[in-house]
Every structure is written in structure tokens, then in C-alpha cells.
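Data first, discussion second: the structure below is written as C-alpha cells.
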2 protein chains.
Amino acid sequence: MGQETDRVLAEVSTDVVIFTMREDRLCVLLVRRARDPFAGCWSLPGGMVGLDEALDAAARRMLASKTGVTGVYLEQLFTFGGIARDPRGRVISVAYYALVPPDRMPSVRVAPDVAWHDVWKLPTLAFDHADIIAMARQRLAAKLEYSTIALQLMPEKFTLSDLQTVYEHILGEPLDKRNFRKRLHSLGCLEPTGEHHRAGRHRPARLFRMKSPGRVEFIK
Amino acid sequence: MGQETDRVLAEVSTDVVIFTMREDRLCVLLVRRARDPFAGCWSLPGGMVGLDEALDAAARRMLASKTGVTGVYLEQLFTFGGIARDPRGRVISVAYYALVPPDRMPSVRVAPDVAWHDVWKLPTLAFDHADIIAMARQRLAAKLEYSTIALQLMPEKFTLSDLQTVYEHILGEPLDKRNFRKRLHSLGCLEPTGEHHRAGRHRPARLFRMKSPGRVEFIK
């Protein structure tokens with residue numbers, strides 16, 4: 001660190017917006033802060049990037065340490081570097097977002113100070129984490145238009161109504177059922193399982209699965 | 001810096017992929033490195049982020065210092081944080097890309113060690129800058145599909161053929177003229193200037209301009 005005077009060093013952290021679907025709602029995993037700054041507020045899981053740790057590896061580590069989940073969709077979102085975002089000093093946050101399918105949820109350990117929150121009904125958040133979550137939801141919503149990313153939030157088998165609910169909650173608006181099904185059909189990413197789901201007095205609904213599980217396809 | 005032992009400090013730089021169109025080609029501004037590491041190789045304009053400087057401000061500063069250009073499209077691309085990307089130590093680069101319309105080019109100062117290069121015919125690049133440029137071109141190509149971003153690379157008045165050439169060079173493939181014009185029409189972002197451009201023995205072509213200059217619109 002001999003040249004420190006003319007070199008700027010910053011703390012580099014990563015914060016991860018971990019999304020899942022719970023009770024038909026897009027939810028984000030938050031941690032309640034015990035200490036100042038922002039004691040009592042909720043915040044994204046995150047922490048400092050290790051000196052010998054790539055950024056992606058750091059984000060995967062945050063995800064695994066809070067949820068025990070590995071091998072799910074994880075994407076770099078944006079780097080937040082406002083000069084006043086942390087009252088303790090200059091901290092640059094490389095934000096990521098992760099999508100956890102609800103059937104991976106049994107393996108998610110949630111501690112007392114950790115909870116899932118509806119993305120449309122968030123509590124008071126620390127730092128600029130409200131901006132980070134808003135951007136992550138917007139990125140996800142934008143990708144619904146031209147990719148199969150929503151399937152990363154689905155269990156192995158699901159009905160088309162289930163999938164429409166996921167789209168609607170991410171977008172924050174209802175969709176026309178017929179147009180939605182036409183669009184899905186044109187994506188060609190689903191196949192029927194041959195099974196049906198029976199709920200209440202409704203007609204049994206066909207169950208579908210992804211043709212290429214784990215792959216996000218982009219549409220021209 | 002009392003807690004330095006358990007806090008990781010990294011150098012944070014920003015590198016800017018500055019695109020323009022020159023002679024119907026998408027070009028990127030590169031700087032030849034005088035010193036090691038990678039002496040003699042070409043690199044992106046960039047430098048360290050100031051301690052009291054927001055990331056966007058640092059990127060705008062790099063752009064202005066190399067080109068004299070301000071007020072053009074600038075977007076954060078991705079943060080590159082591989083542990084071995086700089087042999088001198090851990091440097092995290094927040095990469096941006098900028099689009100400079102060719103009629104802003106007269107104001108672009110290019111020094112002897114600075115030159116525009118065709119994005120499809122790049123020289124040997126320093127660090128991971130080849131990856132950064134490739135990602136910037138891909139981001140731009142992806143946005144052609146669902147936004148009016150290409151118009152940020154156009155002069156004030158242009159023909160539809162000019163615009164098609166820009167699309168084709170960014171995508172690296174020819175486009176069908178009729179489909180291209182249909183798509184443009186559906187965007188509704190252009191208006192005729194009432195003037196025509198006459199080139200050689202061809203029929204004079206209508207000149208168009210953006211309806212909302214400076215705005216990038218996204219299409220659903």
C-alpha cells in the first residue's frame with residue numbers, strides 16, 4: 001500500500017436480492033439489522049467481497065449462507081456507488097439478484113432476524129436497499145417480455161394459471177388470459193406432463209414443465 | 001483504517017466503451033498503453049474512481065477527458081471483478097458504455113495514442129478489455145430489439161438506409177429491408193424532415209429525424 005496517497009481504495013460489498021414466490025406473491029429475503037447504522041431496519045443479505053474472491057463467488061456465498069440454496073439463477077444487477085450511501089464511509093455495492101423456485105424452499109433456513117417480504121409491501125429499508133430491490137424487480141419485469149426467466153421461479157410442475165399469477169405479481173398488473181397463453185405458446189418452452197391439477201370445483205388444469213430446465217432462453 | 005485487517009479494500013476503476021459510427025462501421029475508442037502491464041497494447045479509456053466521486057460522474061469524466069464530449073448516452077454495463085484481471089493487484093472495474101452520434105465527432109479530440117477501431121476488427125487488448133467490449137456490443141445489439149437506442153448513434157438527419165446500416169453493423173448480420181422498415185414504422189419514433197438525400201444515380205432518399213431527440217424509448 002505504498003502508493004496509497006494517489007490511489008483510491010474503497011470497500012467493495014455485494015448485496016443479493018433473493019426472490020421467491022410465496023402464496024402467489026413475489027417475495028424478497030430481508031435481514032433485520034441489529035446494529036447501527038439503520039438498527040432495526042431491514043436490509044438485503046450482503047457483505048464484503050473477499051480479497052481473493054470473484055464478485056460472482058461472493059454473491060453465491062451470500063446466497064448460500066442465508067438460504068442454504070445453491071445452483072439457482074443468479075445475475076449481476078447493477079453497481080451502486082453513490083458517495084453517501086453508507087454513513088460509515090465509501091462502500092461500493094455490486095448488487096445481484098437470485099431466483100429461488102418455491103420447491104427449493106424447504107431447504108431454505110430462515111433465522112429469527114430473517115424473513116420473506118412481499119416485494120410490493122416492503123418495510124423500512126436500510127441504506128439504498130429500497131432502490132436496489134426496485135431495480136431488481138424492474139429488471140425481472142423487463143426480462144419477462146423477451147425471455148423465459150419467470151420459469152426460474154416455478155416449481156417442477158405447474159399450471160398455466162400458476163405461471164400467469166407469477167407474471168402478474170412481478171409486473172404488478174393483471175394480464176389478459178388469452179394473450180398470455182398465446183405468448184407462452186409462441187415461446188415454445190413448455191411441455192405438458194400428462195398430469196392434471198384439481199383445485200376445488202374447477203375443471204382439472206393441465207400440469208406443465210419446462211422443456212429445458214435451468215436454461216433461460218431469450219426471444220428475438 | 002483501524003479495522004483494516006478484517007476489511008477488504010480494493011481499487012475501483014471505471015472503464016468506458018465509447019462507441020460511434022465511422023464510415024458505416026461501429027467503432028470503439030481505444031488508448032495505446034505506454035507502460036506495463038500490457039505496454040503497446042490497446043485499452044479502454046478509464047481510470048480510478050475518486051473517493052468523493054459517484055461512479056456515473058467518474059465515467060462521465062473519463063468520456064469528457066478523452067473526447068471532450070458531454071451530454072451523450074451513457075449507461076452502466078457491468079462490473080468486472082475477476083481476481084486476476086490486473087497483475088498489479090485487485091482492481092474492480094465498473095464498466096460503462098457511451099454512444100456518440102457521428103455529428104458530435106468534430107468536437108472529439110483524438111490524441112496520437114488514441115484511435116477509433118472497428119468493433120469487429122480489434123487489435124490486441126490489455127486486461128479483460130476484449131470481454132468488456134464484447135459485452136457492450138452484445139448489450140447494444142440486444143437493446144436494438146426492444147428500444148430506440150440505435151438512434152443515439154445517428155446524426156440529426158438520416159435516411160432509413162443509413163439507420164439499417166447501423167443496425168446491421170452492430171448485429172454483424174444483414175437485415176431484410178422490408179421487415180426492418182416495418183419494425184421501424186411500428187416503433188413510431190421517426191418523422192420525415194421533408195428533405196431528401198441524393199446519392200449517385202439512386203433515387204433521392206427521404207431524410208428522417210427522431211421525434212424525441214435524446215430519449216431512448218422501450219417497446220413492449
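Just so it is clear: chains get the letters A, B, ... in the order the sequence lines come, proteins before strands, and each one is counted from 1.
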(request) Go through the side-chain N and O atoms of S93(B) and D15(B) and say whether any donor and acceptor fall under 3.5 Å apart. (result) yes
(message) Taking E53(B) first and then R60(B), would you say they form a salt bridge - that is, a charged N and a carboxylate O separated by under 4.0 Å?
(response) no
(request) Go through the atoms of F80(B) and report whether side chain, backbone, both or neither lie under 4.5 Å from a heavy atom of chain A. (result) backbone
(request) Decide yes or no for I133(A) and L30(A): does some side-chain heavy atom of the first lie under 4.5 Å from some side-chain heavy atom of the second? (result) yes
(request) Indicate yes or no: does R25(A) engage E168(A) in a salt bridge with an N to O separation below 4.0 Å. (result) no
(request) Could you check which of A58(A), G82(A), G89(A), G81(A) has the highest count of heavy-atom pairs closer than 4.5 Å to chain B? (result) G81(A)
(message) Please rank D56(B), L55(B), L77(B) by heavy-atom pairs under 4.5 Å with chain A and give me the top one.
(response) L55(B)
